[in-house]
Student: 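Dumping the structure here so I can ask a few things about it.
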Amino acid sequence: MKIKRLSFTDHARGITIEPIEFNDGMNLLVGASGSGKTQILKALMTLKEIAWGVTYSGVQWELELEGKSDSGQNTSITWSGLFETKGTGAYPTTYPVAQEPDFPDIKEEKIIVDGIILLDRKASQIKYNNVLINIKFRSEISAFSLLREEKDIKNILDEVSLLELISFSNFYDSRLAYILSLETKYIRNADMFLNASEDDYYIEKLLSSNSINSQLYILYLRKPDIFNAIVKAFIDIFPQVEDIKYDYSDYKNGERKKEESKNLKFRHKSKGGEEWVSPNEMSSGMLHVLFLITRLHLAKEGSVILIDEFENSLGVNCIDIITDLIVDSDRDLQFIITSHHPYIINNIPFEAWKVITRNGGIIKSKNASEYPQLGRSRHEHFMQLIQIEEFRTGVAQ
């Protein structure tokens with residue numbers, strides 16, 4: 001999937017993102033703090049949630065995508081819609097019946113594929129493939145979610161699902177408890193674990209989550225080739241690390257555990273050191289790098305990767321390596337990244353910059369090429385960029 005164009009309004013919060021066009025490969029959003037860069041990423045993730053059935057009061061949008069047909073040909077997709085304004089924020093899809101809120105309804109929704117209207121919805125009336133559906137659907141949920149078993153809709157929903165926000169979270173995650181239960185169930189019989197299929201769906205969900213510990217655990221047990229590639233890439237960046245692995249922990253609260261109650265634990269070893277230590281010994285920058293590398297290795301072809309404040313928690317010794325890793329990627333990935341860091345801005349092609357500005361609740365973007373005062377070399381580009389009043393203040397002129 002490729003995101004081609006976005007326009008978005010949150011009527012409940014008074015925020016509008018005027019139409020912004022994206023490059024197929026790299027997109028770097030630059031601008032002053034508060035100019036609206038993060039709002040653009042949040043808007044894209046809001047649309048992914050809407051497609052999966054989350055209700056958002058007052059949200060209006062138009063999203064243009066380029067996807068793939070069953071035959072592998074590029075296909076143009078436009079998805080637009082409008083929720084009525086009733087309260088603010090998101091409404092999850094499930095509530096106890098007695099507590100179910102008064103949801104805002106979808107007033108209109110449309111999906112156009114290669115210029116042909118696939119779905120047209122106005123209030124409670126839905127036309128699919130130009131045929132009126134005489135079934136009453138929940139009026140607060142997107143047709144993507146309601147009709148996700150229909151092949152045409154499912155194909156587009158699969159494309160939208162390739163949108164991923166990489167946000168650094170705690171190394172450990174409560175969902176690891178489920179993985180540890182899988183370990184209890186399968187690990188003592190390796191063949192049984194490797195051939196188990198009943199948990200594959202949940203495992204795939206974990207591999208696409210932000211739980212790095214769960215991800216690495218599953219990769220270590222079931223996809224060692226990917227795990228080893230991640231370890232190699234990490235050691236290339238941090239040569240002081242000798243190895244990363246999972247092994248059995250024999251102690252808990254200072255007492256030796258029974259053999260049958262051992263669990264696998266993540267550990268790493270530094271060169272010259274004798275002990276395998278826990279991730280608590282790693283810096284936040286090292287964990288951030290490990291997380292980014294893991295997510296990039298797990299990203300499916302055609303994914304759209306969103307990264308906010310790319311430089312956060314990255315040390316000066318690895319910003320350049322990680323930036324180059326992303327810029328030089330030969331995979332079919334689209335990146336939409338925000339950053340203030342000079343090295344990152346300088347080393348991402350000038351053509352990929354989107355200068356973001358804001359005037360009240362209106363967020364606008366301009367291509368860097370629209371500023372004739374910018375110089376020719378990358379260094380000149382950045383030095384001239386920081387002189388532009390719109391960049392410094394974040395206020396649209």
Side-chain angles (χ1 to χ4, degrees), residues 1-11 15-25 27 29 39-56 58-84 105-133 137 139-164 302-306 332-336 354 363-365 367:
M1 177 184 80
K2 296 290 186 294
I3 297 176
K4 307 299 288 186
R5 187 172 180 270
L6 166 73
S7 59
F8 182 93
T9 297
D10 185 337
H11 294 285
I15 295 174
T16 292
I17 299 171
E18 293 197 346
I20 175 172
E21 297 184 354
F22 297 97
N23 304 311
D24 286 351
N27 297 270
L29 310 185
Q39 291 294 335
I40 293 169
L41 303 190
K42 286 182 176 179
L44 290 169
M45 293 307 296
T46 292
L47 296 184
K48 179 178 178 178
E49 291 179 354
I50 289 172
W52 279 103
V54 179
T55 300
Y56 274 88
V59 167
Q60 183 174 8
W61 72 94
E62 183 170 285
L63 182 67
E64 294 182 15
L65 311 170
E66 183 181 276
K68 294 287 185 182
S69 66
D70 289 341
S71 62
Q73 299 298 311
N74 290 340
T75 183
S76 173
I77 302 161
T78 301
W79 173 40
S80 59
L82 169 64
F83 280 97
E84 68 174 326
D105 291 336
I106 292 182
K107 299 175 70 173
E108 57 187 60
E109 186 176 16
K110 186 175 289 187
I111 301 171
I112 301 173
V113 180
D114 291 333
I116 299 173
I117 298 175
L118 175 66
L119 181 139
D120 193 2
R121 176 183 193 175
K122 290 182 174 58
S124 59
Q125 179 177 289
I126 297 179
K127 282 187 177 181
Y128 177 63
N129 277 325
N130 209 31
V131 175
L132 182 63
I133 302 177
F137 291 103
S139 57
E140 76 279 7
I141 294 179
S142 166
F144 267 125
S145 181
L146 296 172
L147 301 175
R148 60 179 176 267
E149 298 305 320
E150 296 292 331
K151 183 179 179 182
D152 290 339
I153 296 294
K154 182 181 183 303
N155 288 345
I156 301 173
L157 186 57
D158 287 345
E159 296 279 355
V160 175
S161 298
L162 293 174
L163 186 65
E164 176 184 353
S303 292
V304 180
I305 307 296
L306 314 180
D332 181 23
L333 301 174
Q334 183 183 28
F335 291 94
I336 304 176
K354 308 286 181 183
I363 298 169
K364 298 182 179 182
S365 70
N367 294 325

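Quick note: numbers below take in every heavy atom, side chains included, and nothing from hydrogens, waters or symmetry partners. Keep in mind that this is a model prediction, so the values were computed, not measured.
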Student: How long is the gap from NZ on Lys68 to CG on Asn155, to the nearest 0.5 Å?
Tutor: 13.5 Å
Student: What's the shortest heavy-atom distance between Asp105 and Ser139, and which atoms?
Tutor: OD1-OG, 2.6 Å
Student: Please check if the side chain of Thr16 supplies one atom and the backbone of Thr9 the other of a donor-acceptor pair under 3.5 Å.
Tutor: no
Student: Got Val59 and His11 here, is their nearest side-chain heavy-atom distance under 4.5 Å?
Tutor: no
Student: If you measure from CG on Asp114 to OG1 on Thr75, what distance do you get to the nearest 0.5 Å?
Tutor: 3.5 Å
Student: Would you call the rings of Trp61 and Phe83 parallel, tilted or perpendicular if under 30° counts as parallel and over 60° as perpendicular?
Tutor: tilted
Student: Backbone N or O of Leu82 within a donor-acceptor pair of the Glu109 side chain at under 3.5 Å?
Tutor: no
Student: How many angstroms lie between CG in Leu147 and OG in Ser142, if you round to the nearest 0.5 Å?
Tutor: 8.5 Å
Student: Looking only at heavy atoms, which two atoms of Ala51 and Val160 are closest? And how far apart?
Tutor: CB-CG1, 4.1 Å
Student: With sequence neighbours left out, write down each residue that passes salt bridge (charged side-chain N to carboxylate O under 4.0 Å, His left out) with Lys122, or none if nothing qualifies.
Tutor: Asp120
Student: To the closest 0.5 Å, what do you measure between CZ (Phe335) and CG (Leu333)?
Tutor: 5.0 Å
Student: Do any side-chain atoms of residues 39-46 form donor-acceptor pairs under 3.5 angstrom with protein atoms, and if so which ones, sequence neighbours left out?
Tutor:
unit_1: Thr46; atom_1: OG1; unit_2: Lys42; atom_2: O; d: 2.9

Student: Of all residues at least two apart in sequence or in a different chain, which pass the salt bridge (charged side-chain N to carboxylate O under 4.0 Å, His left out) check with Arg148?
Tutor: none
Student: Glu62: what forms a salt bridge (charged side-chain N to carboxylate O under 4.0 Å, His left out) with it, not counting sequence neighbours?
Tutor: Arg5
Student: Applying the side-chain contact (heavy atoms from CB on, under 4.5 Å) test to Glu64, which of Leu6, Ile3, Thr78 qualifies?
Tutor: Thr78
Student: Measure the spacing between CD1 of Ile363 and OG of Ser7 and express it to the nearest 0.5 Å.
Tutor: 12.5 Å
Student: Sequence neighbours excluded, which residues qualify as salt bridge (charged side-chain N to carboxylate O under 4.0 Å, His left out) partners of Glu84?
Tutor: Lys86
Student: Please check if atom CG in Asn130 has more than 12 non-hydrogen atoms from other residues, nucleotides or ligands closer than 6.0 Å.
Tutor: no
Student: Please determine whether the number of non-hydrogen atoms from other residues, nucleotides or ligands lying under 6.0 Å from atom CD of Glu21 exceeds 12.
Tutor: no
Student: So, using side-chain hydrogen bond (donor to acceptor under 3.5 Å, both in side chains) as the criterion, who are the partners of Ser365 when residues are at least two apart?
Tutor: none
Student: Taking the side chain as C-beta and beyond, is there a heavy-atom pair between Val304 and Glu164 under 4.5 Å?
Tutor: no
Student: For a quick test of reading the model, state the closest non-hydrogen atom pair linking Asp24 to Lys4 and the distance between them.
Tutor: OD1-NZ, 2.7 Å
Student: Please say whether more than 12 non-hydrogen atoms of neighbouring residues, nucleotides or ligands are located less than 6.0 Å from NZ in Lys127.
Tutor: no
Student: Is there a side-chain contact between Asp152 and Tyr128, using heavy atoms and a 4.5 Å cut-off?
Tutor: yes
Student: Report the C-alpha separation of Ile112 and Lys110 in whole Å, then their side-chain angles, then the decisive distance to 0.1 Å, and conclude whether the side chain to side chain contact (heavy atoms under 4.5 Å, CB included) test is met.
Tutor: CA-CA 7 Å; Ile112 301 173; Lys110 186 175 289 187; 3.8 Å; yes
Student: To the closest 0.5 Å, what do you measure between CD1 (Ile111) and CZ (Arg121)?
Tutor: 10.0 Å
Student: Please say which of Leu157, Leu119, Ile50, Leu47 ends up in a side-chain contact (heavy atoms from CB on, under 4.5 Å) with Phe144.
Tutor: Leu157
Student: Give a yes or no answer on whether the side chain of Lys2 reaches the backbone of Glu66 with a donor-acceptor pair at less than 3.5 Å.
Tutor: no
